[in-house]
Amino acid sequence: MRTLWNRIVFDLAYALFKILFGITFRFPLFAWLRIEGRQNVPRRGGLIVVANHLSLADPPVLWYAAPRHLCFMGRADIPRIPLVGAIARLAKTVPIKQRAADRTGLKLAIETVQSGEALAIFPEGELSESRDLQPFLPGVLLILRQTRAPVLPVGIVGTDRILPYGKLVPRPAFGVVRVRFGQVIPAEQILSLPSAEEQLAFLEEQVARLSGQRRARACAE
């Protein structure tokens, strides 16, 4: 009975937040959201979604654009923030310590994918101040190896109009925000590459192609 009640609450909250986000994007943020490749998103089954990270607005924008619920990997302290933490728990956010070997967080992320959820990850690990695509951290590969789930690359463009780097208060965008969903990539196609560095570079290339960003790793070579 409790499981049924939780499901009802989740479904109602999901529908309500979808409506509220849609209204907010248009007014007062004056942002016009363009979604490309929405048909590429599998409607069910375990999935790893990898996206670039330009702004704190990226998670709600990506969540709104997707045709199914996305669970996000987020900072471990998010659940402790008033109101934001409650929303994060309702949205099934997977808390993880940044720049640390967080076995508990990774285990929960793996279990989330194995349970059939879509897990969204920003593999750069932090916002890009330069607006270049930063090198992906290896945690995404650990999840991929354990779950063998397909990967969906995503490019997000224009969210820094809403929340620029270093800002916490949204502002009117007066422009278009784009979310581009790429083609699903089988896990075997990525893991068959000879090294972890090549696997990460491959994922970076897919996201950079969709976001239109330069790859910081490529520029440094």
Side-chain angles (χ1 to χ4, degrees), residues 11 13-45 47-74 84 87-88 91-93 117-134 136 140 150-185 202-216 218:
D11 288 345
Y14 179 80
L16 176 61
F17 276 105
K18 281 279 188 177
I19 294 171
L20 290 177
F21 279 143
I23 294 172
T24 303
F25 286 147
R26 291 163 178 79
F27 181 85
L29 295 181
F30 297 102
W32 288 265
L33 185 61
R34 299 287 182 267
I35 305 171
E36 302 172 18
R38 200 167 186 264
Q39 71 279 1
N40 296 335
V41 184
R43 296 305 195 267
R44 58 180 61 85
L47 181 69
I48 300 172
V49 179
V50 294
N52 59 313
H53 203 11
L54 287 173
S55 166
L56 292 176
D58 293 335
V61 168
L62 177 55
W63 178 83
Y64 177 77
R68 63 182 285 187
H69 175 67
L70 300 181
C71 302
F72 284 85
M73 290 187 72
V84 174
I87 295 174
K92 306 177 185 177
T93 296
E117 297 279 5
L119 179 67
I121 305 173
F122 298 108
E124 293 167 273
E126 58 190 7
L127 297 177
S128 174
E129 183 177 4
S130 67
R131 300 183 70 181
D132 292 339
L133 187 69
Q134 301 305 307
F136 285 1
V140 63
V151 174
L152 179 69
V154 181
I156 304 173
V157 182
T159 46
D160 51 340
R161 291 174 177 265
I162 301 172
L163 266 174
Y165 182 89
K167 302 297 182 182
L168 296 176
V169 180
R171 66 184 188 185
F174 296 112
V176 175
V177 173
R178 298 184 186 277
V179 177
R180 298 187 177 113
F181 294 102
Q183 296 290 332
V184 171
I185 306 169
F202 174 78
L203 289 175
E204 289 172 20
E205 289 169 3
Q206 307 310 305
V207 174
R209 180 174 55 81
L210 295 164
S211 68
Q213 293 171 283
R214 296 190 309 169
R215 290 175 55 225

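- Enclosure of atom CZ in R43 by more than 12 non-hydrogen atoms of other residues, nucleotides or ligands within 6.0 angstrom is indicated.
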Output side-chain donor-acceptor pairs under 3.5 Å for residues 26-37, partner residues at least two apart or in another chain, one line each.
from, atom 1, to, atom 2, distance (Å)
R26, NH1, G22, O, 2.9
E36, OE1, R180, NE, 3.1
E36, OE2, R178, NH1, 3.3

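- Q183 contributes atom CD, which lies 7.5 Å from atom CD of Q39 (distance to the nearest 0.5 angstrom).
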Atom pairs and distances, side-chain donor-acceptor, residues 60-74, under 3.5 Å, sequence neighbours left out:
from, atom 1, to, atom 2, distance (Å)
W63, NE1, H69, ND1, 3.0
R68, NH1, P42, O, 3.0
R68, NH1, G45, O, 3.1
R68, NH2, G45, O, 3.0
R68, NH2, G116, O, 3.1
H69, NE2, A91, O, 2.9

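- D132 is not listed as a side-chain neighbour of Q213, based on a closest heavy-atom distance of 4.5 Å or more.
- A donor-acceptor contact shorter than 3.5 Å is absent between the side chain of Q134 and the backbone of E124.
- Interatomic distance, OH of Y165 versus CG of L127, reported as 6.5 Å (0.5 Å rounding).
- The shortest non-hydrogen separation linking E204 to F136 is OE2-N, 2.9 Å.
- N52 and S211 make their closest contact through ND2-CB, 3.6 Å (heavy atoms, listed as atom of the first residue, atom of the second, distance).
- Annotation for E129: atom CD does not count as buried by contact number, only 12 or fewer foreign heavy atoms lying within 6.0 Å.
- Summarising the geometry of V207 relative to A51, their closest heavy-atom pair is CG1-C, 4.2 Å, with the distance given to 0.1 Å.
- When all heavy atoms of L56 and K167 are compared, the closest pair comes out as CD1-O, 3.9 Å.
- A distance of 10.0 Å separates CG of L119 from OG1 of T93, quoted to the nearest 0.5 Å.
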Kindly list each side-chain donor-acceptor pair under 3.5 angstrom involving residues 151-164, sequence neighbours excluded, with atom names and distances?
from, atom 1, to, atom 2, distance (Å)
T159, OG1, D58, OD1, 2.5
D160, OD2, R131, NE, 3.2
D160, OD2, R131, NH2, 3.1

